[in-house]
Visitor: 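Structure provided below as structure tokens; questions to follow.
Letters A, B, ... mirror the listed sequences (proteins, then strands); counts begin at 1.
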Amino acid sequence: IPRASDSQCPACKGPAMDLDHQRELLLDLAKRRILDKLRLSQRPTLNTPVSRAALRTALQRLHGPPQRTLPEADGEQEYEIISFADTGLSNINQTRLDFHFSSDRTASGMEIQQASLMFFVQIPPNTTWTLKLRILVVGLRDTNLTLATQHQLEVDASGWQRLFLGPEAQAACSQGHLTLELVAESQGGQSSIILGEAAHRPFVTAKVKVGGKHRLHRR
Amino acid sequence: GINCQGGSRMCCRQEFFVDFREIGWHDWIIQPEGYAMNFCTGQCPLHVAGMPGIAASFHTAVLNLLKANTASGTAGGGSCCVPTARRPLSLLYYDRDSNIVKTDIPDMVVEACGCS
């Protein structure tokens, strides 16, 4: 934007403009630039705000300081996403977790690099619990959920648990919706051992690449 | 220096900070609090065309005057004041499913300007 009327840069044929108008133009340019680079058509409106406690807990667990990754040659953008679960109790020993990944990114070809589930268990002292994690995916022909795969883990102390999710779960994340079920082999517990209130809300962390050209997979 | 100061009319970097609270984006952008976009402005007379930054040394300016005088006969468009160094903008924000997203957007902050 030229600073004075006589400083016409050949590329900017416009007349010099007053500072207020210039500021307004620059703010609009900055907004558009950020939205374009985030592949958003407009700024998101938040339907379910996240509590500060959940935000703080999740950010403490997100991988360390952002590794300054140089942008890929073919314009891919790397993201790290934390998705909080919509939790539903099927019964005392069975907790269903639903995760939604924004269609803004799935539309432009989201490639999940790595994904893991973080959840908090509260068990009585000096006990060991067996937990089964089921990955459920929508069937090809119908909308029912079918079991894609299952992991088992032994828990002998309360605290945060991390489970790395395999290709089936990563594929479900790429499609935009992941459903997991945590089943505790009960020792007659009176309440669910998976905590879900604000500071202990289960979440999935995922490293994602978006927008590259079709990558040749070397075999 | 490369920042526009006072009445300098030569190509320089004009600092421009966008406060996310001022534009009402602080609810969905968690970090940072704003974006130092900056932009390039000012004149690029022919004898500093092609300077990587505006700190053109005397020797370079003389050489370029010679180049410009011989070159002034050639047809050639003006030289423009453009970004010569930029760095990424790291953002932590909520997407519309209230997921927390962290990403580095390359080439978003203008660090230095020069004459094309």
Side-chain angles (χ1 to χ4, degrees), chain A residues 1-4 6-12 22-23 26-31 33-34 36-38 40 42-50 54-55 58-59 62-63 66-72 75 77-84 99-105 176 203-206 208 210, chain B residues 4 7-12 14-20 22-31 34-45 76-82 86-110 115-116:
Chain A
I1 291 171
R3 288 158 53 80
D6 61 345
S7 68
Q8 294 286 343
C9 164
C12 338
Q22 190 180 81
R23 178 166 182 73
L26 286 164
L27 286 177
D28 184 54
L29 180 70
K31 287 181 182 177
R33 215 161 173 206
I34 291 176
D36 286 351
K37 297 282 187 172
L38 295 180
L40 297 175
Q42 58 191 7
R43 56 144 289 173
T45 44
L46 301 184
N47 304 316
T48 47
V50 172
L55 174 64
L59 291 183
L62 198 62
H63 325 295
Q67 302 90 1
R68 186 68 71 213
T69 50
L70 287 178
E72 296 283 326
Q77 180 82 17
E78 271 206 10
Y79 295 85
E80 287 194 68
I81 301 176
I82 295 177
S83 185
F84 289 98
F99 301 91
H100 301 277
F101 289 83
S102 219
S103 53
D104 296 316
R105 277 180 298 278
F203 59 92
V204 159
T205 67
V208 173
V210 173
Chain B
C4 299
S8 85
R9 299 162 62 82
M10 292 289 273
C11 171
C12 55
Q14 180 65 57
E15 295 200 332
F16 185 78
F17 183 74
V18 182
D19 183 324
F20 290 139
E22 179 191 339
I23 61 173
W25 278 16
H26 59 292
D27 60 330
W28 70 280
I29 295 184
I30 305 165
Q31 282 293 328
Y35 162 37
M37 178 169 83
N38 309 330
F39 61 93
C40 300
T41 183
Q43 296 177 21
C44 280
S79 161
C80 255
C81 182
V82 293
R86 292 183 292 190
R87 65 179 155 81
L89 170 67
S90 294
L91 274 185
L92 188 68
Y93 65 94
Y94 289 113
D95 70 10
R96 66 175 177 201
D97 295 306
S98 297
N99 297 325
I100 300 171
V101 185
K102 181 170 85 169
T103 191
D104 291 342
I105 310 176
D107 295 340
M108 285 291 276
V109 180
V110 173
C115 292
S116 61

Visitor: Can you tell which part of Tyr94(B) gets under 4.5 Å to a heavy atom of chain A, answering side chain, backbone, both or neither?
Guide: both
Visitor: Of all heavy-atom pairs between His100(A) and Asp97(B), which one has the smallest distance, and what is that distance?
Guide: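 Heavy atoms of His100(A) and Asp97(B) come nearest at O-CB, 3.8 Å.
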Visitor: Measure the CD1-CG distance between Ile30(B) and Leu55(A) for me, rounded to the nearest 0.5 Å.
Guide: 5.0 Å
Visitor: Minimum heavy-atom separation for Phe84(A) and Asn99(B), please, with both atom names.
Guide: N-OD1, 4.0 Å
Visitor: For Leu38(A) and Tyr93(B): C-alpha separation, side-chain torsions, deciding distance, then whether side chain to side chain contact (heavy atoms under 4.5 Å, CB included) applies.
Guide: CA-CA 10 Å; Leu38(A) 295 180; Tyr93(B) 65 94; 3.8 Å; yes
Visitor: Return the minimal non-hydrogen interatomic distance between Ile105(B) and Gln77(A), and the atom names on each side.
Guide: CA-NE2, 3.6 Å
Visitor: Nearest 0.5 Å please: distance from the CZ atom of Arg33(A) over to the CG atom of Leu89(B).
Guide: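 If we round to the nearest 0.5 Å, Arg33(A):CZ and Leu89(B):CG are 9.5 Å apart.
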Visitor: Output the distance between atom CD1 (Ile82(A)) and atom NZ (Lys102(B)), rounded to the nearest 0.5 Å.
Guide: 8.0 Å
Visitor: First locate atom OG1 of Thr103(B), then atom CD of Glu80(A), and finally report the distance between them rounded to the nearest 0.5 Å.
Guide: 9.0 Å
Visitor: Indicate yes or no: at least one non-hydrogen side-chain atom of Ile34(A) is less than 4.5 angstrom from one of Trp25(B).
Guide: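 Answer yes - side chains close enough.
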Visitor: Locate the shortest heavy-atom distance separating Asp27(B) from Leu46(A); write the atom from each residue and the value.
Guide: O-CD1, 3.4 Å
Visitor: Between CH2 of Trp28(B) and CG of Leu40(A), what distance do you get to the nearest 0.5 Å?
Guide: 5.5 Å
Visitor: Which pair of heavy atoms, one from Gly24(B) and one from Arg43(A), lies closest together, and at what distance?
Guide: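 So the two residues come closest at O-NH1, 2.9 Å.
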Visitor: Could you walk me through whether Leu92(B) and Leu59(A) pass the side chain to side chain contact (heavy atoms under 4.5 Å, CB included) test, one step at a time?
Guide: CA-CA 10 Å; Leu92(B) 188 68; Leu59(A) 291 183; 3.8 Å; yes
Visitor: Does any heavy atom of chain B fall under 4.5 Å from the side chain of Ser83(A), the backbone, both, or neither of them?
Guide: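 For Ser83(A), the contact with chain B is made by backbone and side chain together.
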Visitor: Taking side-chain contact (heavy atoms from CB on, under 4.5 Å) as the criterion, tell me which of Leu29(A), Leu26(A), Leu27(A) meets it with Val18(B).
Guide: Leu27(A)
